[in-house]
Amino acid sequence: MATPYNHKAIEQKWRKHWEEHPVNVNDGKKPKYYCLDMFPYPSGSGLHVGHWRGYVISDVWSRYKLLNGYYIVHPMGWDAFGLPAENYAIKMGTHPRISTEENIKNIKRQINEIAAIYDWDMEVNTTDPNFYKWTQWIFVKMFKKGLAYEKQMPINWCPSCKTGLANEEVVNGKCERCGADVTKKNLRQWMLKITAYADRLLEDLNKLDWPEKVKKMQAEWIGKSHGAEVDFKVDGSGETITVYTTRPDTLHGATFMVLAPEHELAAGLATEETKDAVEDYIYQASLKSSVDRMQDKEKTGVFTGSYAINPINGAKVPIWLSDYVLADYGTGAIMCVPAHDDRDFEFAKKFDIPIIQVIAKDGKEIENMEEAYTDASGIMINSGDWNGRESAELKEEAPEIIEKMGVGKKTTNYKLRDWVFSRQRYWGEPIPIVHCPDCGAVPVPEEELPLELPEVERYEPTGTGESPLADIEEWVNCKCPVCGKPAKRETNTMPQWAGSSWYFLRYIDNKNDKELVSREKADQYLPVDMYIGGVEHAVLHLLYSRFYTKFLYDIGVVDFDEPFHKLFNQGMITGKNGIKMSKSKGNVVSPDDLVRDYGCDSLRMYELFVGPPELDAEWDERGIDGVYRFLTKFYKLVMDQKDAQVKADKELLKEHHKLIYDITTRLDNFSLNTVVSGFMEHTNKLTAMAKKNGVDKETLETAVVLLAPFAPHIAEELWEALGHEDSVFAQTWPVYDEEAMKEDEIEIAVQINGKARGKITIGAEEAKDSVLAKAKEALADKISGNIVKEIYVPGRIVNIVMK
RNA sequence: GCCGCAGUGGCGGAACUGGCAGACGCGCAGGACUUAAAAUCCUGUUCGAGUUAAAUCGAGUACCGGUUCGAUUCCGGUCUGCGGCACCA
């Protein structure tokens, strides 16, 4: 009788062994495979079983690649700057550096419990000056290329986090981090010109092996649209108002025009009579938060008293102001075609403005229009020269026609805005800029980087729009790097995304103090082959990283312009009733107890077994018993049979190759939950076979190698028990033989009129006639009346159709 | 409002290109071992009818309809849940 499965002893033994004899070694000959996890921020609550799942998935995949002959680049690090870390420190009444260090220690311990093959020599921490030196260096490079610039403008402001936010960080009008309503604040900001990369960010999505959902989200976020700018002269003044439209085909139907209240000409268009109303409207609009403005479904507006001339037909159209027009998209002014746009229609109805239909619907002009006809299909009417033309065609051609007429031009617009890059918070990379009264904004010389974050007594956000760094006079006051005159340092810091936008490049050369990454190493180990993490970063981190990578490609740091070849989004593990795990909800499940009670191998397999890896799953730990029982069974099977001296017969050989086939194909499809059930099924089968005639050693060895990526400790233990001195991870992934899997005889179902009525056993290659004869014989008592049709799908099914 | 994803036993889920729906696991029920319990092993487990037990029959993959010899799978419509976008002209 063999000793029972003792997970504690086995896991301890091999953990120690692997520390001394790593299994993933770079011999310089093997091809590389870079498998990356989204690195965690060192939260105070530690890892929960949801984080674990992601890391288990990436480790299983890494070990699978390892067994396929790759050297695995599989690093881990800490996204330790930023709001979450700082907010946590404020709550705990400690310094973020201290709490961050403590949290990292705890999380690192937890991560080591996963027994993943992370290479800790590659570890990075975004708050390490040797790391953020390069975060600052990238900023300086961007500044020198004109991609980082200062601007005074109303930006998204989180009153709770007391800092400005990027557009991407505002979700449904709320702060992505804390959920507070976002307001506007007029601040001097550092901006990154991500819009300069809009086209490439959009086009290159085609190159990526990413979930369609994420690609679509990015494409929509970039929001490219084609159209035209059209110039409308203001009647009786020299002014011109340019509008942007995607529907220039409807130009004849423009019966009014609307400007955003923030438009620079807005106030000036008022006449004596309208002056008070216009000024009041502009003032009221300025008080509204973006949330209010978004949620006000009822349209408001004010007539300026001025008119514009429609350049296509000379019609005089009233100019209105309304806050449904956005100041920062297009030109901040639109032409309004109420007949063919829902919003314009609503506005025209409310303020009693004429509606002129210019595209026939079903060949007709609509009487008593009740809603806008927004399809760009139909024949043009009421459109002068354009009458009779097809609107869809005209939509494409109109921009050029307008351009030829000299009243506008063809143009393209994006929803993507430049990236608000400065934060009025302490815990971030200082922006390496000096403000000189004579020279203006001057970058800190590259050789002086890193510009270290100074110690402060009070690091809490001020809420004034100034960073806490502004209070440190000895730090703020400095000399201009260009002229040497007294100057002041920039006191804003960078957002959390700054470090995470490029950290994956640094892992492979994390000790290099001359370069961000050596070109030689970059060429050898980059880019990332597989990136695994949650979907919540679809338009934040993943978009920013692509932008950074393209920039670094442009300045020759790396030779690729997309960072992550393949992306996998694992589903979230939630608490009961699908509620997100969080400390405040008190439903966080820590992996620690489960590892202690069931072992790492069990938890690893259970994390996969809970459901398809890409879907969310409610955590219910009762099921872990099943996985533990499976490992116990598997252990017993191998230990009982290892010295049985059984020779593989045909049945065993068949089972052997089916096992390889099932596990490999399911793994290749990333169907990790069914890999686990596949192991259970085959182990049950092998256990039954063991009771009869025993199981051959080769089959046991194969099973152990296949199990290794999932349950590495037990696999290594059993590999040793099978008499091997090398590691199970030094083996190669088994290959199945289709011939060996073939069945001689198969059982198939026989249906009558599509309903299963019996079964017959046939030869694998048996001819149709013979099979049908057998089927009819087997179901003779159920066949009556006329047989209309007999169907045989080879090797699958017989269906007899009767009247 | 628009777009996307999903809906299968008591529960998590499986079913490859249309071919025996419910694999595997949890839970539950019964049994074996035990003085007893735990652990382990065996048997059963979609619902309903039927029977000592079976055989057998009927219904069944959110709902309604269609295509097909045959539909969880394909098509059309409806409902529900989740996610994304949301005055972007």
Side-chain angles (χ1 to χ4, degrees), chain A residues 4 171-173 211-214 216-217 220-221 223-225 227 243-248 250 254 258 260 293-297 299 322-326 328-337 340-344 346-347 374 413-417 535-536 538-539 572 578 605-606 609-612 614-630 632-633 636 662 665-666 669 671 673-684 687 747-759 782 787-802:
Chain A
V171 180
N172 290 328
E212 287 306 314
K213 181 186 171 183
V214 176
K216 208 175 153 228
M217 277 169 76
E220 280 174 4
W221 189 261
K224 185 174 186 173
S225 71
V243 302
Y244 172 68
T245 179
T246 55
R247 295 293 304 277
T250 63
V258 175
R293 212 161 139 164
M294 237 164 51
Q295 277 162 359
D296 282 351
K297 289 291 171 206
K299 301 244 176 317
S322 175
D323 64 6
Y324 81 88
V325 174
L326 304 175
D328 58 353
Y329 179 77
T331 60
I334 59 169
M335 66 175 211
C336 298
V337 186
H340 303 286
D341 181 279
D342 291 326
R343 296 148 302 184
D344 298 347
E346 193 191 330
F347 195 87
T374 53
N413 253 312
Y414 300 89
K415 291 191 198 176
L416 184 72
R417 310 291 151 85
V535 74
E536 65 273 18
V539 287
M572 196 172 40
M605 292 196 86
Y606 185 59
F609 193 53
V610 290
E614 69 279 9
L615 298 183
D616 292 354
E618 258 180 50
W619 186 255
D620 179 355
E621 64 195 42
R622 279 177 305 186
I624 195 172
D625 283 313
V627 172
Y628 186 80
R629 283 177 200 142
F630 153 71
T632 308
K633 251 187 243 175
K636 193 167 175 305
D662 277 349
T665 50
R666 293 174 189 193
N669 290 331
S671 179
N673 52 326
T674 63
V675 170
V676 179
S677 58
F679 272 120
M680 290 171 170
E681 252 176 294
H682 284 285
T683 301
N684 290 344
T687 304
E747 196 181 53
I748 63 166
V750 182
Q751 299 180 329
I752 294 177
N753 291 340
K755 287 201 185 293
R757 281 294 178 267
K759 283 174 190 177
K782 296 197 174 87
I787 294 177
V788 185
K789 206 170 177 183
E790 292 165 357
I791 292 153
Y792 174 51
V793 181
R796 291 203 182 266
I797 206 157
V798 173
N799 191 12
I800 296 167
V801 187
M802 297 189 308

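Predicted model, so just to flag it, every value in this text is computed and none were measured. What's counted below: heavy atoms across the whole structure, side chains too, no hydrogens, waters or symmetry copies. Below, chain A is the first sequence line, B the second, and so on; all start at residue 1.
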Could you go over nucleotides 11-14 of chain B and give all protein N or O partners under 3.5 Å, atom names and distances?
from  : atom 1 : to       : atom 2 : distance (Å)
B/G12 : O2'    : A/Val610 : O      : 2.6
B/G13 : O3'    : A/Asn673 : ND2    : 3.4
B/A14 : OP1    : A/Asn673 : ND2    : 2.9

With a 4.0 Å cut-off on heavy atoms, is [X] in touch with a base, just the backbone sugar-phosphate, or nothing at all?
X	answer
A/Lys224	nothing
A/Lys213	sugar-phosphate
A/Asn684	sugar-phosphate
A/Arg757	sugar-phosphate
A/Ser225	sugar-phosphate

Based on Watson-Crick and G-U pairs with both distances under 3.5 Å, what dot-bracket line describes RNA chain B 5' to 3', crossing pairs as [ ] and inter-strand pairs as |?
-> (((((((..(((......[....)))((((((.......))))))((((......))))..(((((..]....))))))))))))....

In whole Å, measure the gap between the [atom1] atoms of [N] and [M] for me.
N	M	atom1	value
B/A62	B/C69	P	24 Å
B/G31	B/C24	C1'	23 Å
B/C74	B/G18	C1'	8 Å
B/U72	B/A21	P	8 Å
B/G10	B/A23	P	14 Å
B/U56	B/G22	P	15 Å
B/U8	B/A59	P	22 Å
B/A53	B/A71	P	33 Å

In this structure, how many angstroms lie between the [atom2] atom of [N] and the [atom1] atom of [X], rounded?
X	N	atom1	atom2	answer
A/Tyr244	B/A89	OH	C1'	8 Å
A/Lys755	B/G58	NZ	P	7 Å
A/Ile797	B/C16	CD1	P	14 Å
A/Tyr329	B/A86	OH	C1'	14 Å
A/Leu326	B/A86	CG	P	11 Å
A/Glu747	B/G19	CD	C1'	15 Å
A/Phe347	B/C87	CZ	P	16 Å
A/Met605	B/C24	CE	P	16 Å

Indicate whether OP1 or OP2 belonging to B/A89 is found under 4.0 Å from a side-chain N or O atom of A/Tyr324.
->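 It does not, given that no N or O in the side chain of A/Tyr324 lies less than 4.0 Å from OP1 or OP2 of B/A89.
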
Any side-chain N or O of A/Arg629 under 4.0 Å from OP1/OP2 of B/C26?
-> yes

Side chain to side chain donor-acceptor pair (under 3.5 Å) with A/Glu614: which residues, sequence neighbours excluded?
->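 Side chain to side chain donor-acceptor pair (under 3.5 Å) list for A/Glu614, sorted by chain: empty.
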
Non-neighbouring partners of A/Asn753 that pass side chain to side chain donor-acceptor pair (under 3.5 Å), sequence neighbours left out =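 Side chain to side chain donor-acceptor pair (under 3.5 Å) check on A/Asn753 returns nothing, list empty.
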
Can A/Asp341 and A/Arg247 be counted as an ion pair, charged N to O under 4.0 angstrom?
-> no

Which nucleotide wins on minimum distance to the side chain of [X], given the candidates [options]?
X	options	result
A/Lys216	B/C16, B/G70, B/G4	B/G4
A/Arg796	B/C69, B/C16, B/C85	B/C16
A/Lys299	B/C85, B/C87, B/C69	B/C87
A/Thr246	B/C87, B/A89, B/A23	B/A89
A/Asn799	B/G84, B/G70, B/C20	B/G70
A/Glu681	B/C69, B/C20, B/C24	B/C24
A/Val325	B/C20, B/G25, B/A89	B/A89

Do any N or O atoms of the protein come closer than 3.5 Å to N or O atoms of nucleotides 64-68 of chain B, and which pairs are they?
none

Find out whether the Lys NZ or Arg CZ of A/Lys299 is both under 6.0 angstrom from the six-membered ring centre of A/Tyr324 and within 45° of the ring's axis.
->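 So A/Lys299 does make the cation-pi contact.
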
Can you sort out the partners of A/Glu220 under side-chain contact (heavy atoms from CB on, under 4.5 Å), two or more places apart, ordered by chain and number?
->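 Listed in chain order: A/Lys216.
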
Which word best sums up how the rings of A/Tyr329 and A/Tyr244 line up, parallel for under 30°, tilted for 30 to 60°, or perpendicular for over 60°?
-> perpendicular

Inter-residue atom distance A/Arg666.CZ - A/Asn673.CG, 0.5 Å rounding =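 Rounded to the nearest 0.5 Å, the CZ-CG separation comes out at 9.5 Å.
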
Only one of A/Val750, A/Val798, A/Ile797 passes side chain to side chain contact (heavy atoms under 4.5 Å, CB included) with A/Tyr792, and that residue is A/Val798

Only one of A/Tyr606, A/Phe679, A/Phe609 forms a side chain to side chain contact (heavy atoms under 4.5 Å, CB included) with A/Phe630, so which one is it?
-> A/Phe679

Flag, side chain of A/Asn799 to backbone of A/Gly754, donor-acceptor distance under 3.5 Å =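 Judged by distance alone, yes, a pair lies under 3.5 Å.
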
What's the base orientation of B/G81: syn (chi within 90° of 0) or anti?
-> anti

Between the base of B/G19 and the side chain of A/Gln751, is there any donor-acceptor pair under 3.5 Å?
->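 A donor-acceptor contact between them is present.
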
Identify, between A/Val539 and A/Lys633, the residue whose nearest nucleotide on RNA chain B lies closer to the 5' end.
->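 Comparing both residues, the 5'-ward one is A/Lys633.
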
